[in-house]
Amino acid sequence: MTENTQQPNTSTPELPTQYAPAEVEGPLYERWVERGYFTADAKSDKKPYTIVIPPPNVTGSLHLGHAFQHTLMDALTRRKRMQGYEALWLPGMDHAGIATQNKVEQQLAEEGKSRHDLGREAFVDRVWRWKEEYGGRILGQMRRLGDGVDWSRERFTMDEGLSKAVQTIFKRLYDDELIYRAERIINWCPRCLTAISDIEVEYQEDDGELVSIRYGEGEESLVVATTRAETMLGDTAVAVHPEDERYAHLIGKQIKLPLTDRSIPVVADTHVDPEFGTGAVKVTPAHDPNDFAIGQRHDLPSMTVMDERGNITVHGPFLGLDRFEARSAIVGALREQGRIVAEKRPYVHSVGHCSRCSTTVEPRLSMQWWVKVGPLAKAAGDAVRDGRVKIHPADMSKRYFDWVDNMHDWCISRQLWWGHRIPVWYGPDGEVVCVGPDEEPPGGEGWTQDTDVLDTWFSSGLWPFSTLGWPEKTPDLEKFYATDVLLTGHDIIFFWVARMMMFGLYAMDGVAPFHTIALTGLVRDERGKKMSKSFGNVVDPLDWMDAYGSDAVRFTLAKGANPGTDVPIGEDWVQASRNFANKIWNATRFALMNGATVEGELPPAEKLSAADRWILSRLNATVAEVDAFYDDYQFAKLADALYHFAWDEVFDWYVELSKTTFTGGGEQAKVSARVLGEVLDVTLKLLHPVVPFVTEALWTTLTGKESLVVTEWPADSGFRDAAAEAEIANLQQVITEVRRFRADQGLQPGQRVPARLELGGTSLAAHEGAIRQLLRLQPAGEDFSATATLPVAGATVALDLSGTIDVEAERKRLAKALAAAEKDKAQCEAKLGNEAFLAKAAEQAVEKIRGRLVKAEADIERLGAQLAALPGA
RNA sequence: GGGCGCAUAGCUCAGCGGUAGAGCGCCGCUCUUACAAAGCGGAUGUCGGCGGUUCAAAUCCGUCUGUGCCCACCA
């Protein structure tokens, strides 16, 4: 096959009868890259079109979700490239701080070591080595998929340039007082040993135990309810609602805290819901965000009773127990003292887990760095509100607004080693210096850099401009910022999209990083179920690509891509797409065998047959339709439109009709060969962004030209021919009707039947050859005797079925169809007789009903005539 | 607890005010200038229930049921 694509189409190339993607795809991709088709030129005069890839984690490998989004991004950039844009699809990877660090730590654990055994520097070296060796597997897989990315611009969030961008923006935010350091309650993962942000916490319904504990003695006592008994060691108050009469007498008093020698005050706080539980809440400011807030309001001390691993640090019988052991031990001890007044178990409540390792998150009081999100989030919201940035589909913008309008300050420090280290230095006398990218860190005794690194989303939030060279004013930044479309899953609106909006607007003087946010759904299995390892329904797209070709996987995904909705995909569907690719292959093969060509001018309309004019009319309509769908990110619809145009209209009808023309030879055959060449040329171009491989292989063979990748996208010539469309519709009706009759009468498809056609006076006269060929009708001989007469579309087809025909079955069928047509006619007449309808309905609607009536009347006439023509009528 | 979405053919989904659609699956018959991974023909639905608006409702409104997702400081 590959040799053939090299040949000019002077002779008919021999294509195998089946398309073999495995032989075609790899070499084609490498050729595209070698020829630099995907390399964008910042100096070009062409208008830019830019998409930055959502950078996959270095630890990641290609899954169907990537394949899905990549297909769509690839289709968008490929089309724009063909449309003459300087198209840049910029690839790269994310260092994925916590995920990657965990991965390498796991590897170390297998060697019986921890990161602390290596020390920070050696550990980070080790991660880099891991990255070089195992990271970025996905980049190779993207080649298999056919991603037309500009490899010369590949970026990594920890590259020197991107690190500089991180430091630059950190410094700017710090100087603008949008970054600050504060001690707050954060979400702490006792396994990863780091703070995580609110959105990195996943809530699950867990079984717990709600125990009610009596605090204090006698009159001076009350009962609190808790699911986290172990935190009582750190209680510094009990809170009740100020208007709760039950506890009015206790407010301001001290009560004894069980198991300790401390007494704690009872405070009044409106946060307490008197209806819930006993209406009294234990307050542990150091271990619960609400309690922390209460503590602030009432100036309570915070008492930390657990270390970073969740072990109890308070001296006494519970010292050293982990939080869960401590919980049961404490409940046990309280029970012995008779202080447990009620227990409810299981008590289902929502508990936060680390999104990376599923460990139960421990709220923890600690010193962290924060982004003051207010003004940034406001700008991010406004850019969408005032239409500078469009979210597609539009109803997803609600989610975006909900988030940006209610955003809490963002905790950006992580107690990890892998990532961008916070560029802040602390002096021996408590000085704090934020160091900019071109500044020397303060030297001398006692200065140390902050040991934390930044949240991985901090650097990916800069991606749309850091990858283009910012903070330098590079030609790339000049040319390709702002990018055009951000295409990503709706699951990372908060993690990533909102942050890019905030940072982009902030760093780029109010210019949003993209004008359109196209949100996709998630890929699911063929029953619409989420793919997950525990269900065992996860599919490796590479398996399907091996079996059916990348094009098949891509086409299936594109066909399922309804905006913002989840995409179910099953192997059967990939097979169906493979079949489509094979169909294109064979149709082109047929065309080449019959001399289809793109050479020379398209013949003028008067030299074209009705079929030629029809298909060209449909072709141009399809071009317009596909363009409109692309501009609206309607991938499913454009894939569907192309599928049906190509298969139903071109392959099933035009190609079939052209067989008669080719058999006939002569001038008309030449014209048809040129038209078929044209139709395939354009159709392959239209299909190329979605199924780049087959189309490239076939198109280069068909045209002898270099590559589809750098070919001009087709334009709607404006050619339409309603008359030809109507004529071919009639032809199709005759053929379908007679075929149906033949099948109903049990004739073998190949069996030749003598027939007499009366086409006089209709436009069908010109199609007698095609009708006879497609219906296997022989000329009527001397002894012709019509046993079935089928009037259809103003013509009559009389058949001599030397055997008998099943008159009764046919009569029944016709009667049924006739009744349906009559009913429809009656309905239409009723509508058209309805004055209210005529008065209020749109003209178009009325026109539609009129058309329907005409059709119903024609059907009645035809079916009546067929009925009358039945023998014995 | 709040918000959003979805319920249409056996399955997965389009359609979103004017005659119910597609793909796959299913049932027949077939090697016919390419393709059996194909061709031709066929069957299949009270468009979740109940109300309402309208000349007209799968489509708009209300409500119920089922289902999915997101958010939240459910002690």
Side-chain angles (χ1 to χ4, degrees), chain A residues 15 17-19 185 203 210 224-228 239 271-273 276-284 288-293 348-350 363 395-396 398-399 402-403 406 490-491 493-494 522 524 526-528 530 548 559-560 562 564-570 572-573 575-594 636-637 640 643-644 651-652 655-656 658-660 662-663 735-736 739-744 746-751 773-774 776 820 823-824 827-828 830-831 834-842 844-846 848-849 852 855-856:
Chain A
L15 296 180
T17 90
Q18 278 195 358
Y19 171 50
I185 290 270
Y203 287 89
L210 184 68
V224 300
T226 182
T227 52
R228 306 201 50 213
H271 168 261
V272 180
D273 174 8
F276 188 94
T278 59
V281 190
K282 61 191 275 306
V283 181
T284 323
D288 182 278
N290 292 319
D291 294 5
F292 182 74
V348 178
H349 61 147
S350 176
D395 35 305
M396 280 285 176
K398 276 184 211 134
R399 250 192 227 185
D402 281 350
W403 168 256
N406 303 299
H490 62 65
D491 54 332
I493 296 178
F494 310 143
L522 275 30
R524 293 170 172 272
E526 71 271 26
R527 307 301 289 253
K530 201 170 182 170
Y548 307 111
K559 216 172 163 213
N562 287 116
T565 59
D566 290 346
V567 189
I569 185 169
D572 284 359
W573 310 349
Q575 267 174 34
S577 299
R578 181 270 315 262
N579 295 355
F580 180 50
N582 191 235
K583 188 72 183 177
I584 302 169
W585 179 269
N586 274 294
T588 308
R589 190 166 156 253
F590 167 85
L592 290 167
M593 284 163 48
N594 286 282
K637 294 205 168 69
D640 193 62
Y643 180 90
H644 283 110
F651 305 155
D652 282 350
V655 164
E656 289 307 315
S658 74
K659 285 179 182 173
T660 319
F662 289 138
T663 314
I735 289 169
T736 307
R739 271 179 182 160
R740 200 226 80 246
F741 179 80
R742 289 183 52 126
D744 283 356
L747 294 175
Q748 310 266 289
Q751 188 182 331
Q773 180 159 338
L774 292 174
R776 318 281 132 180
K823 189 177 157 200
D824 201 40
Q827 254 177 33
C828 291
K831 278 209 163 175
N834 181 334
E835 281 172 32
F837 169 64
L838 292 174
K840 291 186 191 171
Q844 228 181 344
V846 180
K848 230 171 167 174
I849 303 289
R852 206 175 118 196
K855 186 175 174 297

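Only heavy atoms go into these numbers, but all of them, side chains included; no hydrogens, no water, no symmetry mates. Below, chain A is the first sequence line, B the second, and so on; all start at residue 1.
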Check: B:C4 base within 3.5 Å donor-acceptor of A:Lys398 side chain: no

Integer angstrom distance from the C1' of B:G1 to that of B:U44: 45 Å

Touch class at under 4.0 angstrom, heavy-atom based, for A:Arg739 against every strand present: sugar-phosphate

All side-chain contact (heavy atoms from CB on, under 4.5 Å) counterparts of A:Thr736, not counting sequence neighbours: A:Trp653

Listed partners of A:Asp640 passing side-chain contact (heavy atoms from CB on, under 4.5 Å), at least two apart: A:Lys559, A:His644

With A:Glu835 via side-chain contact (heavy atoms from CB on, under 4.5 Å) - residues at least two apart: none

Those residues that, when tested against A:Phe494, pass ring-ring contact (aromatic ring centres under 6.0 Å, His included) (two or more places apart): A:Trp403

Selection from B:A34, B:C70, B:U30 that lies nearest to any side-chain heavy atom of A:Phe494: B:C70

A:Glu526: salt bridge (charged side-chain N to carboxylate O under 4.0 Å, His left out) partners, not counting sequence neighbours: none

Secondary structure of RNA chain B in dot-bracket form (Watson-Crick or G-U wobble, distances below 3.5 Å, | marking inter-strand pairs): ((((((((.[[[[.)..(..]]]].(((((.......))))).....[[[[[..)....]]]]])))))))....

Reading 5' to 3' through nucleotides 8-18 of chain B, protein heavy-atom contacts under 4.0 Å coded B for base, S for sugar-phosphate only, - for none: ---SSSSS--B

Side-chain N or O of A:Lys823 closer than 4.0 Å to phosphate OP1/OP2 of B:U19: no

Contacts of type ring-ring contact (aromatic ring centres under 6.0 Å, His included), residue A:Tyr19, not counting sequence neighbours: A:Trp585

Those residues that, when tested against A:His271, pass ring-ring contact (aromatic ring centres under 6.0 Å, His included) (two or more places apart): none

hbond_proxy A:Gln18 side chain to B:A34 base (donor-acceptor, 3.5 Å cutoff): no

Quiz item: A:Gln575 side-chain donor-acceptor pair to B:A37 base, under 3.5 Å: no

